[in-house]
Protein chains: 4
Amino acid sequence: MRTKTKSAPAETRSFAEAARRSQIVDCAIDTVAEMGFARASVDQIAKRARVSKGVITYHFPSKEEIVDAVIEKVVAAGRTYMEPRIMAETSAAGRLRAYIESNLEFIDAHRSPLIALVEIAMTARRADGSLIIGPESLAQRAANLGELLRAGQRSGEFRRFNTRVMALTIIHAIDAVPFLLAREPGLEVKLHAKELAMIFALATRRESS
Amino acid sequence: MRTKTKSAPAETRSFAEAARRSQIVDCAIDTVAEMGFARASVDQIAKRARVSKGVITYHFPSKEEIVDAVIEKVVAAGRTYMEPRIMAETSAAGRLRAYIESNLEFIDAHRSPLIALVEIAMTARRADGSLIIGPESLAQRAANLGELLRAGQRSGEFRRFNTRVMALTIIHAIDAVPFLLAREPGLEVKLHAKELAMIFALATRRESS
Amino acid sequence: MRTKTKSAPAETRSFAEAARRSQIVDCAIDTVAEMGFARASVDQIAKRARVSKGVITYHFPSKEEIVDAVIEKVVAAGRTYMEPRIMAETSAAGRLRAYIESNLEFIDAHRSPLIALVEIAMTARRADGSLIIGPESLAQRAANLGELLRAGQRSGEFRRFNTRVMALTIIHAIDAVPFLLAREPGLEVKLHAKELAMIFALATRRESS
Amino acid sequence: MRTKTKSAPAETRSFAEAARRSQIVDCAIDTVAEMGFARASVDQIAKRARVSKGVITYHFPSKEEIVDAVIEKVVAAGRTYMEPRIMAETSAAGRLRAYIESNLEFIDAHRSPLIALVEIAMTARRADGSLIIGPESLAQRAANLGELLRAGQRSGEFRRFNTRVMALTIIHAIDAVPFLLAREPGLEVKLHAKELAMIFALATRRESS
DNA sequence: TATGAATGAGAATTCATTCAT
DNA sequence: TATGAATGAATTCTCATTCAT
């Protein structure tokens, strides 16, 4: 992470180029998930991809770009998986449940990528020391989920609560799962999802009495 | 071609020695909190402490020992602060509230140390690649909190829920706070605490019928 | 907080790679022979090879591997040189003479490598403190030479003596030569060889009277 | 081994001073014998002596002086032990036998000091890179023993041989013993001595027939 | 005399990046 | 495009020596 060359824009890439990049990104994901970000050197990634180190640098002029590509790939896949499931629900409570459950299903089905993403979010920094996944990123996710929660409050499904704190709490409860999986692969994600959904259903619903 | 040394046991330390160690630990905390664990080199810590690098390695033969000392210091302080507050409560619900609130008060009052601790928990690894704060550590905290929750279930204060998932969710909701503070120093921790307490009060209480 | 890497197996090496490794090994040999093992740092070796330090660690992930390569190179060359000369003799006395003389010829023709080898044998230690050229190595050489000596005893050429002590004495008389050469380059090795051959001929032959 | 302060001359030392120095030298001997010269740091020696490191540097301004003291102590003790035994013999053959046997007895009785001495002879160097036990030292020993051998030749007891080569061979056969003991503590030194004495008796005596 | 803290010069390794082929 | 060699900065750790108390 020393200099500033940029790789060519995505549109100009050939199919072969795209395939190579994708392969490298996958290997980077597995390496980060397995050894942690700090130990996931370009050497290690190249070894896992069974290509020379030069190939990596050829396709990704700097390590930061690999990281960006990993983030992009995982985030895009997550959004693709989750959005329709959430939108399929009509009630706010249903959407919240879908948010939690689809998120955990996705995590369960893509363990390495998510473990890698959490590793990156926690530790990856730019050359200047700033976090690659910075506060804005979390703020954006919190804002999106907050909107969902506010909709529930407006419709009267949800009680009054600070939507930002609730959103952050839900997001961190979800983000904890890859972290837990990295340390305890046997974790029962389905059960975890059901319990989380219940916890936040109770925490958000309008007071009954 | 290198070997390992261990520092002398704590009891044999003089006052001056203890003070120096404490100063170094404090600088290590600030450095890790500010730059992240990966960038908190011994050089950086020494620079912040305005001593030569050798001083650090004189008092802490290996970097791992600095990390251990940081963990010990922060964890001990946290326990001292929280335990009486929790034990002062008699109901399970009260204890849970005290658990959450005293934890967040402590975090608020010791931001850098807690940010550093979270950084270390996330990324610090031993020479062999294993995490310094491993799964056992989290398991222990979850078990302790789980016991509190089970007591509430036995007494009928709490509904039936999976105590392990609930404990992990509460712990991660709390651990998220230093992480948030690192990224958004203006966070209103008091408000956050109140909301968290409410969330988990609602999530745990017996269904009203 | 450091780990170990292993270099790729020898078969996979390209010609250029092998040449570089060989060059580095040669420079390592000269450096060790000239300055002693303790002072032969990777920096020094790199300086002598007129390459950056990184080149060394690129080809030899750890210093121990350089040492292993030095040992292998010298030992293999020695065996290649000596074995046919010894085997060309049919009598035990002839073989013993050939053993001593071919050994000293080889030493004379490869002074630096042998001086380096003796330096390494005396002082090089692994990370765990164990000697890189350990007791087994000497035991093996003593056993081989002992077998030659026992053959001479069985055939009646040699008198009764403790073959192990004799073998060790001969081996150390030979190993002393690189040591002597390092301190006194003008040593007349040919004369030394003739005298040594005579000493051990007299010491081993069957009592005449 | 960086600078050049000299410690006070021996005559000016108090009794307590001398005792301290002797204790430090003994600990240095044990440390070098056990861990090798390269690993025998001042720290290690101080730890073994159960004094602070400063004590060492107080009594021995530089590490080189410790080494000098070790050498002096061991060499003097050896001379004291061996000289009368050698001089008690009247024949050259007797003196040679006494030389070998008393030497090995002394080694056997003072293993650590001799192992340390050999370690030092092999590897210890001055700040400028020159060997602390240099060629002169060996040359001196060879000259002394050579004189004994020449006397035997003059008297007709010994055959004609190159006295220098013979002397060096005998010396190295003896010096090998501490080296062997370091690697194989069970070595039967008495047997070894007898065999060595026989080897060199046969190698030196005048041809019988 | 004794102590132990401090210093700063190396030492081995790791690693992102550059570059010639 | 691909390769892998080369570079040099950064990092942890060791150690002889200096120095204030």
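Chain letters run A, B, ... following the sequence lines, proteins first and then strands; every chain starts at 1.
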query: To the nearest angstrom, how far is C/Glu65 atom CD from E/dT13 atom P?
result: 9 Å
query: Does B/Ser52 or D/Val51 map to a spot on DNA chain E nearer the 5' end, using the closest nucleotide for each?
result: D/Val51
- request: To the nearest Å, give me how far apart CD (C/Gln44) and C1' (E/dA9) are.
  value: 14 Å
- prompt: Will you find, in the side chains of B/Lys63 and B/Thr57, an N or O donor that is under 3.5 Å from an N or O acceptor?
  reply: no
- request: Can you tell me the distance, in whole Å, between the CZ atom of A/Arg39 and the P atom of F/dT12?
  value: 13 Å
- request: Ignoring backbone atoms, test whether C/Tyr58 places a side-chain nitrogen or oxygen under 4.0 Å from the OP1 or OP2 oxygen of F/dA5.
  value: yes
query: Do you know which two heavy atoms are closest between A/Asp30 and A/Ser112, and how far apart they sit?
result: OD1-CB, 3.6 Å
field: Whole angstrom value for the distance that separates P of F/dC13 from NZ of C/Lys63
entry: 19 Å
task: Decide yes or no, distance alone: a donor-acceptor N/O pair under 3.5 angstrom between the base of F/dT17 and the side-chain of D/Lys53.
output: yes
- prompt: Counting N and O atoms only, with roles assigned by atom type, does the side chain of A/Gln23 sit under 3.5 Å from a partner on the main chain of A/Ala49, one being a donor and the other an acceptor?
  reply: yes
- prompt: In whole angstrom, what separates D/Arg20's CZ from E/dA2's C1'?
  reply: 8 Å
message: Just the rounded figure in Å: distance from C1' of E/dC15 to CD1 of A/Ile56.
response: 14 Å
No-hydrogen, no-angle side-chain donor-acceptor test under 3.5 Å, B/Ser130 and B/Asp128: yes
- prompt: Mapping B/Asp43 and D/Ala40 onto DNA chain F by nearest heavy atom, which one lands closer to the 5' end?
  reply: B/Asp43
- prompt: When we call it a touch if two heavy atoms are under 4.0 Å apart, what does D/Val55 touch: a base, just sugar-phosphate, or nothing?
  reply: base
query: Does the side chain of B/His59 get closer than 4.0 angstrom to OP1 or OP2 of E/dA6 through an N or O atom?
result: yes
message: With nearest nucleotide decided by heavy atoms, which residue, A/Thr57 or B/Gly54, maps closer to the 5′ end of DNA chain F?
response: A/Thr57
query: Does some side-chain heavy atom of B/Tyr58 sit less than 4.5 Å from a side-chain heavy atom of B/Arg20?
result: no
- prompt: Sub-3.5 Å donor-acceptor pair from the side chain of D/Arg48 to the main-chain atoms of D/Ala28, do we have one?
  reply: no
query: Base, sugar-phosphate alone, or nothing: which one does A/Ser41 contact when heavy atoms must sit under 4.0 Å apart?
result: sugar-phosphate
statement: Heavy-atom nearest nucleotide on DNA chain E taken for C/Val42 and for B/Arg50; more 5' hit belongs to B/Arg50
task: Take the protein atom CD of C/Glu64 and the nucleotide atom C1' of E/dT13, then report the distance between them rounded to whole Å.
output: 14 Å
- line: For DNA chain E, the expected dot-bracket line (Watson-Crick or G-U under 3.5 Å, [ ] crossing, | inter-strand) is .||||||||||||||||||||
- request: Determine whether the side chains of A/Thr31 and A/Lys47 contain a donor N or O and an acceptor N or O closer than 3.5 Å.
  value: no
Atom pair distance, as rounded to whole Å: CD1 in D/Ile24 and C1' in E/dT1: 11 Å
